[in-house]
There are 2 protein chains.
Amino acid sequence: MKDKNKPTSLDIAHLAGVSQPTVSRALRDSPLVSKETRLKVQEIARDLNYKVDVNARNLRAQSTNTIALLIFEDDDGDAAFINPFFLSLLGSITRACASAGYDLLFSFQQLSQDWNAEYEDANKADGLIFLGYGDYTNYIKRIAKLDAQGAHFVTWGPVIKNQPGLFIGCDNVQGGFLAADHLLKAGHRRIAFLGDLSEKNPELEKRYQGYLKAHKEHGVAISKELIFSATSGEEQGYKAALNLLSSQHQFTAIACTSDLIAIGAIKALRASNLRVPSDVAVVGFDDIPIAEHISPSLTTVQQDTYEAGKVLVDSVVSLIKGQSVNSKLLPTRLMVRESCGTKK
Amino acid sequence: MKDKNKPTSLDIAHLAGVSQPTVSRALRDSPLVSKETRLKVQEIARDLNYKVDVNARNLRAQSTNTIALLIFEDDDGDAAFINPFFLSLLGSITRACASAGYDLLFSFQQLSQDWNAEYEDANKADGLIFLGYGDYTNYIKRIAKLDAQGAHFVTWGPVIKNQPGLFIGCDNVQGGFLAADHLLKAGHRRIAFLGDLSEKNPELEKRYQGYLKAHKEHGVAISKELIFSATSGEEQGYKAALNLLSSQHQFTAIACTSDLIAIGAIKALRASNLRVPSDVAVVGFDDIPIAEHISPSLTTVQQDTYEAGKVLVDSVVSLIKGQSVNSKLLPTRLMVRESCGTKK
DNA sequence: CACTACTGTGCATACGTATTCAGTGAATGA
DNA sequence: TCATTCACTGAATACGTATGCACAGTAGTG
């Protein structure tokens, strides 16, 4: 079954009447070999359908030409569910890897695993890309260890001063600002906020910063009683909105830190016979594919996943090459749809 | 930067006062080494945070412990778009790989590439899993070559007699039957069908077979004038529905070969001031995440992606081990929601 | 003509592991 | 006591590639 007798560089050497090292050089277009020899060798290689054995090459070169994309989860996370935002990142990361000449290893990880040992030490990958919403404080501890080990890795997440490791993320403050600013410009003055403000999720906290900033610029006071906690996910949004409703406080709009929360909130509003957007305007965050298709379509903040994937891959490649790289924020963009009431 | 001085089995050998082969054996729990030596070696390995170098191991063992998941596209495909159904498969495939002890390499492929050379010949992967809607006739030609080369691969797709290679797919005939049967039971007699019936997409053609079968069982004649072509994607569904509408033929329901087509069709119906489901009932196929969230929520045929991922991985692993594997159909399930009008 | 520079090639070797084979000492059996 | 088996270990080697080094031949320089 397995005896496919794959040709090796030595086979080519015999056929071409040269030595194995010459074959190796010729195939890599080394200027050390004469044009004549090079062409002959390459032709034979093509005829034999020869491919360099990556294991041998990697062993010799002590590198892997591979990047590992790791989606991590809280240890108690729902194993079947992948955050739709990460899925859209996946596509662009995959393409960026391909054009950078790297293979992509894909896996889910538990927060408790030893990532460095598993991938870089085992020479499975030259660098790592992490995606994950989870407990930030816990995650940072792991990261710090990785960083100390000299691993090459980049995380999609919040950019915070003095944190260990390299982070690429969207400008959450700007995103939160865009959403709130849009509602304020539309005349809303009492805008509820549904999101997680604990230190576990600094990204979401930054969106709240943007919410504050917009209020400040518009000279509108914040109503603390309109802030409700919701980690992520539809159910959380549903519950948070119910809490908001039962609090009896007045509001005309809701800003959410994720589309899933917004979707849950809309369901809760509907269940209470409130209409979106005529009674309450709603904005989300992420622009997951569903956002455009629900009814009313969801006004939300779009993160540039295409650019994000590119930057993530470029960053980790630079790290691998030993270049120094800085954390980076990517701009966000407001997608105005029906749920905020400013568009038909 | 790179001088991390990873420990090798030889380092452990020195520390343990044994030879390198003994370390290799001890770490693999070989019965050849005494319990005493084994424990000592394993302890030292743990202390040093030692990990076997997979490149060296693979080179020696001439295997890779890796499966490649390849999503292929027509050469002119939209590079940024991944079929949402494949994304849901991705999750279960990833987990199945992990529990089978394989790493997963992920990549997009053009139909014109030489997959065998790229992966198996280069010793990047022991086996391949293909996902893709595309030109089946063209694909089969490539597959035939792969098969002749003795590659280990499995495709998610239609199960057809005497085709080369190994296919795992859902029971499309059954799925198409379930959808049409449900509409017929609800009293619909003129049910339009939107899908691609060319030989390029046998999976979709099978769904049509199920549609026919249901009509036959119910003793309802097919109305050929209600069959319209739509390859996939929302726009195609939109256009096909417009064609259907402008044909002026009577109909009370539409069966679609994909959720995206159904979504496009619903938009077209709306644009023509027809209401779903009160004027026209619609059913889709795939149960992509959006299906549940649109309004009205979409009645559709669910494929068991969890089981599918597991079976795909199990199959390719069996192939790698040299066992013979048969193509297999997985059952489908009707998800009754609002768009068919039988549920509030 | 002698010396240097340069071009192209091959030799030897290393990457880290897993396996074949041979060998040691101890235990067993007669 | 000697032959035989057994349990364990180490020496040697191969997997296929890439690179430092030496070397041959040719061209260039004065």
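Chain identifiers are assigned alphabetically (A, B, ...) following the order of the sequence lines, protein sequences preceding nucleic acid strands; residue numbering begins at 1 within each chain.
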Tell me whether the OP1 or OP2 atom of [N] has a side-chain N or O from [X] closer than 4.0 Å.
X	N	answer
A:Ser9	D:dT17	yes
A:Ser19	C:dC11	no
A:Gln62	D:dA18	no
B:Thr22	D:dT9	no
A:Ser24	D:dT19	no

Exercise for review: State yes or no: are the ring centers of A:Trp115 and A:Phe153 separated by less than 6.0 Å?
Suggested key: no

Check your understanding: Counting a pair only when it is Watson-Crick or G-U and both distances are under 3.5 Å, which runs of at least 3 such pairs involve DNA chain C?
Key -> C:1-30 with D:1-30

How many whole angstroms separate atom [atom1] of [X] from atom [atom2] of [N]?
X	N	atom1	atom2	answer
B:Gln20	C:dT19	CD	C1'	10 Å
A:Arg60	C:dA14	CZ	P	10 Å
A:Leu10	C:dC11	CG	C1'	13 Å
A:Asn58	D:dG16	CG	P	15 Å

Review point. Between D:dT9, C:dC11, C:dT9, which one does the side chain of A:Pro21 approach most closely?
Key: C:dC11

Practice item. Could you check which of D:dT9, C:dG16, D:dA18 has an atom nearest any side-chain atom of A:Val52? Key: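 Comparing D:dT9, C:dG16, D:dA18 against the side chain of A:Val52, the answer is D:dA18.
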
Point to revise | Enclosure of B:Gln323 CD (heavy-atom neighbours >12, cutoff 6.0 Å) | key: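 Above 12, so yes.
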
**Study point:** Parallel, tilted or perpendicular: ring planes of A:Phe130 versus A:Tyr139, cut at 30 and 60 degrees
**Key:**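 Geometry flag for A:Tyr139 against A:Phe130: perpendicular rings.
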
Check your understanding: Less than 3.5 Å between a donor and an acceptor, one on the side chain of B:Arg25 and one on the base of D:dG10, is that the case here?
Key ->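 Side chain to base: pair present.
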
